[in-house]
Amino acid sequence: MGLKSKDLLGLENITKSEIELILETAKTMKDILKRPIKKVPTLRGKLVVNLFYEPSTRTSSSFGLAAKSLSADTMNLSVKSSSVTKGESLVDTAKTLKALGADAVVIRHGIPGAAKLLAQTIDMPVLNAGDGAHEHPTQALLDMYTIKEKRGKIEGQKVAIVGDIKHSRVARSNIWGLTKLGAEVRLIGPSTLIPVGIEQMGVKVYNDLEAGIEGVDVINLLRIQRERQDKGFFPTIREYTKRYGLRREHLKLAKDDVTVMHPGPINRGIEISSDLAYGKEAVIEEQVTNGVAIRMSLLYLLLGGSRNE
Amino acid sequence: MSKLLLKGGKIIDPIQGSKAKAGEILIVDGKIAKLGENLAAEDAQVIDIEGKVVSPGLIDIHVHLREPGFEHKETIETGTKSAAKGGFTSVACMPNTDPVIDNQTLVEGLLSIAKRDGVVNVYPIGAITKGSQGKELAEIANMKEAGIVAISDDGHPVMNAEMMRLALDYSKDFDLTIVSHCEDKNLAGDGVVNQGYYSTITGLNPISSSSESVMVGREILLAEEAGAKVHIAHISTKESVDLVRQAKKRGVKVTCEVTPHHFTLTDELITSFDTNTKMNPPLRSAEDVAAIKEGLKDGTIDVIATDHAPHAEEEKDVEYNYAPFGIVGLETAVGLVITELVESGILTLEEAIAKLTINPAQVIGIDKGTLEVGKDADITIIDVDDKWEVKTEELVSKSKNTPFGGYELQGRAVMTIVGGKIVYSSDE
């Protein structure tokens, strides 16, 4: 079996068994990454294009490394684009990529739905590396992989996601994925950063950090961006940190063996205290490694593996 | 002397209070000469419209014809052809062209193009403020003399309440209606879709209901204080409908309109990320749509208007945030009204026709919207049973931006007559 769609656009529209397949395949990929020669010839001769409309070092290099580990060729295209300085349209760029002989495109874009627009335009696999506040499925998958690796299973785990839920594609993809696999998801943040109607996704919302993390297995902290303060979502970073910054003293409220996660890049001393970021509970660096494995898994399944037609 | 005799239709003219009745209409020299049964044909051209509904010519008081300035989207010629095919004999066009229609010369220019190229009656709406900048009043009296029927800064709501108060106070001297696009720009922010579950899961920036209703409330209070007339454009939320309902009970001179897409579609559609689901106001929740239908039924909502907003293919074939707001509406309006409102029992056919004829005529103060003897022979013949599929390639508007492609609708205009002249016939 394989994935039903030619693309990975998000976790809303894929099934539990597809997610399990991706996680299972990632395990094999992680084994490859542990070998002295971290490379297999699976995707030799394939061209994977990284099409990035937003600056990204982490996701872009993770995808690049994943492609290289499978022996695919890679090409990075960074496009500076805004509604003001419009260059070539996404649809036209997509057609160019096809003409250049790309076999798959990884896209990062600031606007929700951009990955879908690309996927509708070209017949090759499109992997969504983040589209606005919509979805960031590979980040959620690597988070889920990490939870499974650390805690043995996802079902029944209590996972708290803390911070700017409103603008977070990571949160949305995590909610879709985790709830599909039977985890209990809690969201914690000020009301100004909790989007309307999110309870309908099957989550519980808390405005109080201490109440929200009580008894949880996993705490996933989102990066807080200073520009949100400028727009008035909270008065100051200082006040935000006081209410939602995770510190060691909070951990006693959670499970004894709580796992602390962060998609990075972290703001030490803001959403997470320094000692926690480097503490034994934190798995932030493992998340990075697992990210490569997850992206290898997806490239393999979409480009190399057999897809269910 | 040109004569036309329409035979065998069912006449529905809300202002004459008539229920649908069989009858004939004799048109002489562009005017309605006689209504009745078994009229003598004499030397008239006879058109048999057996079984079809004969309505006063439909009037759409909210269209964007895009000329001058955006002729790649629509022109007065293509827009009025689209109107004719949709059954509309008169349209009122919004001033947000380039340049903005904010002075007498521009109104006259627009009317001369309309006279040359238009196939239906075109009534210009002038800007409230110069350049629709919201800073100083446009020369409203001069524009009125040149032929405007209302004023509006559509698309660029007057954010300064004092400016709106002045505009209401000033315009009442000429009995001119202000058409208000109610949107608080600060509350709407950079939003593109309705705020709710679907904006949350798509991650698209939300536009709250309050961004509309706050302004509806403001306009009502200002109009009430000034004793002026205000017409709320494209109402879309349940709170707005309720505010208008309460205001009407107090006797405020407020009227309002709704678009076919706002009584048909909900914001669930945005999950497709199809940019033809992007319009302003945005598609709202199912609850709002239910309140809109209730408002149509109880008479709170007076008018159905399309907000026909053509955009070129390349403008819509982009990322959601980059696409302009708006969809075309003239050619799908009748089908949507009959399918969504009449067939489902929300409105009788007569009530629906009133909201497309006499009511909009009264809002903008034009002597149209009825089939009384002596009036201009603006007539729309509607086949209320015809089932058809919306095919975007068949739209005669220059732009094809509609979310209704592939929809099965019931009812459409089969003939449109303006001033006694057949400007559209489905047989051709």
**Request:** Check whether NZ of the Lys or CZ of the Arg Arg108(A) lies under 6.0 Å from the centre of the six-membered ring of Phe52(A) and within 45 degrees of that ring's axis.
**Result:** no
**Request:** Could you tell me if the ring centre of His62(B) sits under 6.0 Å from that of His308(B)?
**Result:** no
**Request:** Can you sort out the partners of Arg58(A) under side chain to side chain contact (heavy atoms under 4.5 Å, CB included), two or more places apart, ordered by chain and number?
**Result:** Pro265(A), Val288(A)
**Under 4.5 Å from a heavy atom of chain B, the part of Leu117(A) involved** = side chain
**Prompt:** What residue, out of Lys116(A), Glu199(A), Glu12(A), has the most heavy-atom pairs lying under 4.5 Å from chain B?
**Reply:** Lys116(A)
**Message:** Does any backbone or side-chain atom of Thr271(B) lie under 4.5 Å from a heavy atom of chain A? Answer side chain, backbone, both or neither.
**Reply:** backbone
**Complete:** Given Ser272(B), Ser199(B), Gly189(B), Ser208(B), the one with more heavy-atom pairs under 4.5 angstrom with chain A than any other is Ser272(B)
**Centroid-centroid under 6.0 Å between His261(B) and Phe404(B) rings** = no
**chain B interface, residue from Gly197(A), Pro195(A), Gly113(A), Pro112(A) that has the most non-hydrogen pairs under 4.5 Å** = Pro112(A)
**Prompt:** Looking at Phe325(B), is Lys278(B) sitting on its ring face, NZ or CZ under 6.0 Å from the six-membered ring centre and within 45 degrees of the normal?
**Reply:** yes
